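Notes for the one structure printed next.
The model shown is predicted, which means the values in this text are computed figures rather than measured ones. Below, read A as the first sequence line, B as the second, and so on, with proteins coming before strands; counting in each chain starts at 1.
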Number of protein chains: 2
Amino acid sequence: MAHQTVRYAPGLPDDSRAAVAEPTPSCPVEITLAALRGRWTTLVVRELLKGEHTFTQLAQALPALSDKVLTDRLAQLADSGVLVRDRRPGWPPRTSYRLTPRGHRLGPVLQALWDWGAAGGDTDWGAAENDSGRGAAEDDSG
Amino acid sequence: MAHQTVRYAPGLPDDSRAAVAEPTPSCPVEITLAALRGRWTTLVVRELLKGEHTFTQLAQALPALSDKVLTDRLAQLADSGVLVRDRRPGWPPRTSYRLTPRGHRLGPVLQALWDWGAAGGDTDWGAAENDSGRGAAEDDSG
DNA sequence: CAGCATCCATTCAGATACTG
DNA sequence: CAGTATCTGAATGGATGCTG
């Protein structure tokens, strides 16, 4: 397989932001990682991918998650434009959370993360000296 | 393998590991995030996607990265099966690092992270109430 | 050259207690 | 019900000094 000649990295856009010499918040990769950063974050997103949830429903779906961290994650994800809060008036208070379109687009991202992580158990990666065989991760899932 | 029916969330496999109630190391998503965890990690991978590098070359490409953290990242990535160390005998010592096939497969993952993060600046995500578009961003311009 | 050992500042997660 | 405030322990990142 012929390696690229003038290209930088396969799979990476030819964008000036791809050439940063240190972690900067304006890098798209950093933006996404910042949105997903921290424990529990992806699980909260996964729950929301199933549909709208209230605070309590999320807490029930993830029993080991403290309300403080849940609050943190929800704020973080709202701040990243992943979800929106829908606070309804009256008593008792009921707030539901749902993904934005942008939040839904996290689906493919999580899928990519899943695929890479799932491929490790099956394929060899201990005796990997040669990188010429560039097999795509052909998991049928999804 | 025929598990096409996605009952839970769009984009997530119908795997028992997709139903975990707390962050567990065996979850594929966690595996990938663990491999990419920490500051500088994706930048080190990006450098290596360009080709083989020595320790010093990596340090030069990322000047603000301390050797301690670089060592940490390299160990972490080697542990995740992303790269291999090629230590050559003689003096001065020269160690080069290169991606494994598995490491190269991180390209699409980084691409997915990039795409999502890059889409934020352009599209609306403030007034997002309704989800309709589920377009995969496959801009592979680089 | 390519690291490892040690110390220190900052961040993070979880627990507990309290409120509109 | 849906949070906020405060505290503690653990993990992380970075600086400095030393070695095969």
task: Might you point out which heavy atoms bring A/Glu52 and A/Arg88 nearest each other, and give the distance in Å?
output: OE2-NH2, 3.9 Å
query: Does the side chain of A/Arg88 get closer than 4.0 angstrom to OP1 or OP2 of D/dC1 through an N or O atom?
result: no
message: Under 4.0 Å from OP1 or OP2 of D/dT12: is there any side-chain N or O of B/Arg37 that close?
response: no
query: Rounded to the nearest 0.5 Å, what separation is found between the NZ atom of B/Lys50 and the CG atom of B/Leu48?
result: 10.5 Å
From A/Trp40 atom CH2 to A/Gln76 atom CD, the distance as rounded to the nearest 0.5 Å: 14.5 Å
- request: Show your reasoning for whether side-chain contact (heavy atoms from CB on, under 4.5 Å) applies to B/Val45 and B/Leu83.
  value: CA-CA 9 Å; B/Val45 173; B/Leu83 56 82; over 6 Å; no
field: Residue-phosphate contact under 4.0 Å: A/Arg87 side-chain N/O, D/dG3 OP1/OP2
entry: yes
query: If we fit an axis to the first five pairs and another to the last five of the helix from C/dC1-D/dG20 to C/dG20-D/dC1, what angle do they make, to the nearest 10°?
result: 50°
message: Looking only at the side chains, is there a donor atom on one of B/Arg85 and B/Thr95 sitting less than 3.5 Å from an acceptor on the other?
response: no
- prompt: Residues from residues 22-36 of chain A sitting under 4.0 Å of DNA chain C, heavy atoms only?
  reply: none
Detail all sub-3.5 Å separations between protein N/O atoms and N/O atoms belonging to nucleotides 6-11 of chain D.
none

field: Residues in contact with DNA chain D, drawn from residues 55-67 of chain B - heavy-atom cutoff 4.0 Å
entry: none
field: Nearest-0.5 Å distance that lies between atom OH in A/Tyr97 and atom CG in A/Asp86
entry: 10.0 Å
field: Which residue lies more 5' along DNA chain C, comparing A/Trp40 with A/Trp91 via nearest heavy atoms
entry: A/Trp40
- request: Mind calculating the distance between CG (B/Leu70) and C1' (D/dA15) to the nearest angstrom?
  value: 15 Å
field: N/O donor-acceptor pair under 3.5 Å between A/Arg73 side chain and A/Arg39 backbone
entry: yes
query: Which heavy-atom pair separates B/Arg102 from B/Ser80 by the least distance, and what is that distance?
result: NE-O, 3.3 Å
message: So, taking the atom named CZ in B/Arg105 and the one named OG1 in B/Thr32, what distance separates them when rounded to the nearest 0.5 Å?
response: 12.0 Å
query: Just how far is it from atom CG of A/Leu43 to atom CG of A/Leu65, taken to the nearest 0.5 Å?
result: 8.5 Å
Using atom types as modelled, flag every donor-acceptor pair under 3.5 Å from a side chain in residues 18-29 of chain B to any protein atom, sequence neighbours excluded.
from: B/Thr24; atom 1: OG1; to: B/Ser26; atom 2: N; distance (Å): 3.3
from: B/Thr24; atom 1: OG1; to: B/Ser26; atom 2: OG; distance (Å): 3.1

field: Phosphate OP1/OP2 of D/dG3: any A/Tyr97 side-chain N/O under 4.0 Å
entry: yes
query: Rounded to the nearest 0.5 Å, how far apart are CG of A/Leu99 and NE2 of A/His53?
result: 10.0 Å
statement: First and last nt of DNA chain C near chain B, cut-off under 4.0 Å to heavy atoms, 5' to 3', are C/dC1 to C/dT6
Polar contact flag, side-chain donor to acceptor under 3.5 angstrom, B/Arg87-B/Ser96: no
message: Assess, by modelled atom type and distance only, whether the side chains of B/Thr54 and B/Arg94 contain a donor and an acceptor separated by less than 3.5 Å.
response: no
message: Looking at A/Glu47 and A/Leu62, would you say the former's side chain and the latter's main chain have a donor-acceptor pair under 3.5 Å?
response: no
query: Where the side chain of A/Trp114 meets the backbone of A/Pro108, is there a donor-acceptor pair that is under 3.5 Å apart?
result: no
task: Would you kindly give the CD-to-P distance between A/Gln76 and D/dT4, to the nearest whole Å?
output: 14 Å
Whole-Å distance separating the NE2 atom of A/His53 from the P atom of D/dA2: 12 Å
